[in-house]
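Below is one structure; the comments refer to it alone.
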Amino acid sequence: DFDFRPLIKEANSEHAKELDFTTEAANLTDVSSNLKTSAVNAVLPEVIPSLTTRRCLVMRFEEGTSLKDAEKLRSANIDLKLLLFRICEAWAAQMFVHGTFNCDPH
């Protein structure tokens, strides 16, 4: 038998942190700065601190194409293998170099 209560307790604690958008804003700002120092070619939306609260995260709009729309990416002559490499590179830098990870890949 496995006791899931400690896992559920920790998950609940982490979910509460996720609902504070000032924490999310700080993490996004840290990840953006870390990726720049690692020379990772990635664009993260800039947080607008003056409009961000615990309940509302405001970021600059970034024009782009959804990663879910492979056909549109191909028609825009995006190299999908290079795109995948850059995504993996960004995630690896976050996890293995900096220890701060943003898992909102949208």
Side-chain angles (χ1 to χ4, degrees):
D1 289 336
F2 191 79
D3 183 4
F4 287 98
R5 286 177 290 189
L7 289 172
I8 292 169
K9 183 178 178 182
E10 184 174 350
N12 285 339
S13 171
E14 292 303 311
H15 288 139
K17 292 178 194 174
E18 281 288 314
L19 294 175
D20 181 346
F21 290 118
T22 58
T23 301
E24 187 76 7
N27 288 341
L28 179 60
T29 301
D30 287 347
V31 167
S32 182
S33 175
N34 290 343
L35 291 178
K36 286 177 187 170
T37 63
S38 296
V40 172
N41 188 0
V43 176
L44 281 76
E46 179 186 344
V47 172
I48 303 174
S50 62
L51 299 175
T52 296
T53 67
R54 288 186 69 240
R55 296 288 176 232
C56 180
L57 174 59
V58 180
M59 302 174 285
R60 294 206 184 279
F61 178 76
E62 293 292 338
E63 192 70 47
T65 300
S66 172
L67 297 176
K68 298 176 195 175
D69 194 342
E71 195 54 46
K72 190 171 182 181
L73 290 167
R74 281 189 203 95
S75 69
N77 294 319
I78 302 295
D79 180 338
L80 298 183
K81 286 184 181 180
L82 178 59
L83 177 61
L84 178 60
F85 172 82
R86 288 185 175 162
I87 291 168
C88 291
E89 179 182 45
W91 284 347
Q94 290 175 66
M95 289 185 283
F96 303 122
V97 176
H98 302 290
T100 303
F101 182 71
N102 185 315
C103 58
D104 296 328
H106 46 77

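Quick note: residue numbers are just sequence positions, from 1. Only this structure's heavy atoms are used, side chains among them; waters, hydrogens and symmetry mates stay out.
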Could you report the tightest heavy-atom contact between Thr100 and Asn27, atom names first, then the distance?
CG2-O, 4.4 Å

Using the rule that two of Ile, Leu, Val, Met, Phe, Trp, Tyr join whenever any of their side-chain heavy atoms come within less than 4.5 Å, decide whether Val31 and Val43 are in one cluster.
no

Using modelled atom types and a 3.5 Å cut-off, is there a donor and acceptor pairing between side-chain atoms of Thr52 and backbone atoms of Thr22?
no

For the residue pair Gln94 and Asn34, establish whether any side-chain heavy-atom pair is separated by less than 4.5 Å.
no

Grab the two heavy atoms, one from Val47 and one from Pro49, that are nearest each other, plus how far apart they are.
O-CD, 3.1 Å

Can you name the closest pair of heavy atoms from Leu35 and Ala90 and give their distance?
CD2-O, 3.8 Å

Taking the side chain from Ser13 and the backbone from Lys9, do they hold a donor-acceptor pair closer than 3.5 Å?
no

Judged by atom type as modelled, is there a donor-acceptor pair below 3.5 Å linking the side chain of His15 to the main-chain atoms of Ala11?
yes

Would a hydrophobic clustering, with Ile, Leu, Val, Met, Phe, Trp and Tyr connected at side-chain separations under 4.5 Å, put Phe85 with Leu67?
no

Can you check side chain to side chain contact (heavy atoms under 4.5 Å, CB included) on Leu19 and Arg55, steps first, answer last?
CA-CA 7 Å; Leu19 294 175; Arg55 296 288 176 232; 4.2 Å; yes

Sorted by chain and number, sequence neighbours left out, side-chain hydrogen bond (donor to acceptor under 3.5 Å, both in side chains) with Arg60 holds for Glu46

For atom CD of Glu14, decide whether the heavy atoms of other residues, nucleotides or ligands shown that lie under 6.0 angstrom number more than 12.
yes

Is it possible for you to say whether Trp91 and Leu80 belong to one hydrophobic cluster, with membership spreading through side-chain heavy-atom contacts below 4.5 Å?
yes

Give every residue pair that meets the side chain to side chain donor-acceptor pair (under 3.5 Å) criterion with at least one member in residues 61-80, sequence neighbours excluded.
none

If Ile, Leu, Val, Met, Phe, Trp and Tyr residues are connected whenever their side-chain heavy atoms lie under 4.5 Å apart, and connections chain through other members, are Leu73 and Ile87 in the same group?
yes

Which heavy atom of Pro6 sits nearest a heavy atom of Asp3, and at what distance?
CD-O, 3.4 Å

Tell me the closest heavy-atom pair linking Ser38 and Val97, and the distance in Å.
OG-CG1, 4.5 Å

Has the side chain of Ser32 got a donor or acceptor atom that lies under 3.5 Å from a matching backbone atom of Leu28?
no

Kindly compute the distance separating CG (Asn41) from CG (Leu83), expressed to the nearest 0.5 Å.
10.5 Å

Main-chain N/O of Asp30 paired to Ser33 side chain as donor or acceptor, under 3.5 Å:
no

